[in-house]
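Reading through the structure tokens given below for one structure.
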Amino acid sequence: MKLELVDEAATLALGAALALGAALAPHVSSGMVVYLEGDLGSGKTTLVRGWLRALGETGPVRSPTYTLVEPYVLAGVNFYHIDLYRINQPEEVLDAGLDECFSGEAICLVEWPDRGKTFVPKPDLRIRLALCGLARQAVIEATSERGTQWLITCKLLAANS
Ligand SMILES: Nc1ncnc2c1ncn2[C@@H]1O[C@H](COP(=O)(O)OP(=O)(O)O)[C@@H](O)[C@H]1O
Ligand SMILES: [Mg+2]
């Protein structure tokens with residue numbers, strides 16, 4: 001599914017729409033892995049901000065570029081916002097203890113997942129963002145049965161289901 005995101009508010013709104021999957025279907029969302037792909041500045045962190053704010057986060061949602069991971073607990077669900085842009089070797093995923101983030105019931109939102117190679121589990125949802133003039137384009141793809149259920153729950157696939 002392809003969406004035009006005309007401004008920052010639209011990217012935040014997409015994040016908020018995706019967050020509904022977690023709120024409405026916790027059994028589906030447990031242990032979900034979401035890949036956020038796209039160039040620097042394409043809106044990955046903005047989308048995560050919209051996602052977490054929709055679930056009640058009132059503090060800042062900062063890019064984890066330097067910390068690698070920022071944890072959140074929202075509505076009783078653990079979230080890990082991960083950004084692998086800065087790692088040099090895929091093994092650094094293990095060195096930083098991020099495998100623990102992936103092993104439990106938390107929802108992991110991962111920027112630059114390809115940098116972690118096989119140390120990052122396969123995604124349930126893949127969101128690709130691209131610059132499109134001043135706006136952005138998003139391509140959303142479910143890559144597991146759970147991911148498909150998630151999108152249906154969010155009503156994002158209502159027209160196709
Ligand atoms: N749909 C959009 N249209 C225009 N600007 C956007 C849009 N979405 C996000 N932005 C802006 O793009 C900039 C970079 O966003 P960011 O989320 O940090 O990107 P990334 O995490 O992919 O590097 C921010 O200034 C943000 O406000
Ligand atoms: Mg970012």
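Counting convention: from 1, in listed order, for ligands and their atoms alike.
A salt bridge is absent between Glu92 and Arg115: the closest approach of a Lys/Arg side-chain nitrogen to an acidic carboxylate oxygen does not fall below 4.0 angstrom. Arg62 has no carboxylate O lying under 4.0 Å from a charged side-chain N of Glu70, or vice versa, which leaves the two without a salt bridge.
For atom 22 (O) of ligand 1, the nearest protein heavy atom lies closer than 4.0 Å.
Using a 4.0 Å heavy-atom cutoff, Asp39 is listed among the residues neighbouring ligand 1. Residue-ligand proximity: Gly38 is placed with every non-hydrogen atom at 4.0 Å or more from ligand 1. Every heavy atom of Ala10 sits 4.0 Å or more from the atoms of ligand 1.
With a 4.5 Å cut-off on side-chain heavy atoms, Leu151 and Leu18 count as touching. Put simply, the side chain of Leu131 reaches to within 4.5 Å of the side chain of Arg136, judged on heavy atoms. Side chains of Val48 and Phe79 form no contact here, defined as non-hydrogen atoms less than 4.5 Å apart. Taking 4.5 Å as the limit, every side-chain heavy atom of Asp99 sits out of range of all side-chain heavy atoms of Phe119. The side-chain heavy atoms of Tyr72 and His81, taken from C-beta on, include a pair separated by under 4.5 Å. Between Leu55 and Val77 there is no side-chain heavy-atom pair separated by less than 4.5 Å.
Interatomic distance, Tyr35 OH to Lys122 NZ, rounded to the nearest 0.5 Å: 7.0 Å.
Nearest protein heavy-atom contact of atom 16 (P) of ligand 1 is Thr46 OG1, 3.6 Å. Remark: minimum distance from atom 11 (C) of ligand 1 to any protein heavy atom is reached at Arg136 NH2, 3.6 Å. Residue, atom and distance of the protein heavy atom nearest to atom 27 (O) of ligand 1 are Glu8 OE2, 3.0 Å. Considering only non-hydrogen protein atoms, atom 18 (O) of ligand 1 sits nearest to Thr45 CB, 4.0 Å. Nearest protein heavy-atom neighbour of atom 8 (N) of ligand 1: Thr11 OG1, 2.8 Å.
Near Glu111, the atoms of ligand 1 lying under 4.0 angstrom from a non-hydrogen atom of the residue are 21 (O). Each of the following atoms of ligand 1 lies closer than 4.0 Å to a heavy atom of Leu40: 23 (O). The Ala135 neighbourhood of ligand 1 comprises atoms 3 (N), with distances under 4.0 Å to a heavy atom of that residue.
The two residues Trp112 and Asp83 come nearest to each other via the heavy atoms CD1-OD1, 3.1 Å.
By the criterion of a heavy-atom distance under 4.0 Å, the backbone of Leu134, and not its side chain, is placed next to ligand 1. The backbone and the side chain of Leu5 each have at least one atom closer than 4.0 Å to an atom of ligand 1 (non-hydrogen atoms only). Contacts of Arg49 with ligand 1, taken as heavy-atom pairs under 4.0 Å, are absent altogether.
Considering backbone and side-chain atoms alike, Gly43 places an N or O below 3.5 Å from some N or O of ligand 1.
With hydrogens and angles disregarded, no donor-acceptor distance shorter than 3.5 Å links the side chain of Arg49 to the backbone of Gly15.
Protein atoms that are N, O or S and lie under 2.8 Å from the Mg ion (ligand 2) are these: Thr45 OG1, Glu111 OE1.
Residue Glu105 qualifies as open at atom CD: its count of foreign heavy atoms under 6.0 Å is 12 or below.
In this structure, Ile82 is a member of the same hydrophobic cluster as Val33, with clusters built from ILVMFWY side-chain heavy atoms closer than 4.5 Å.
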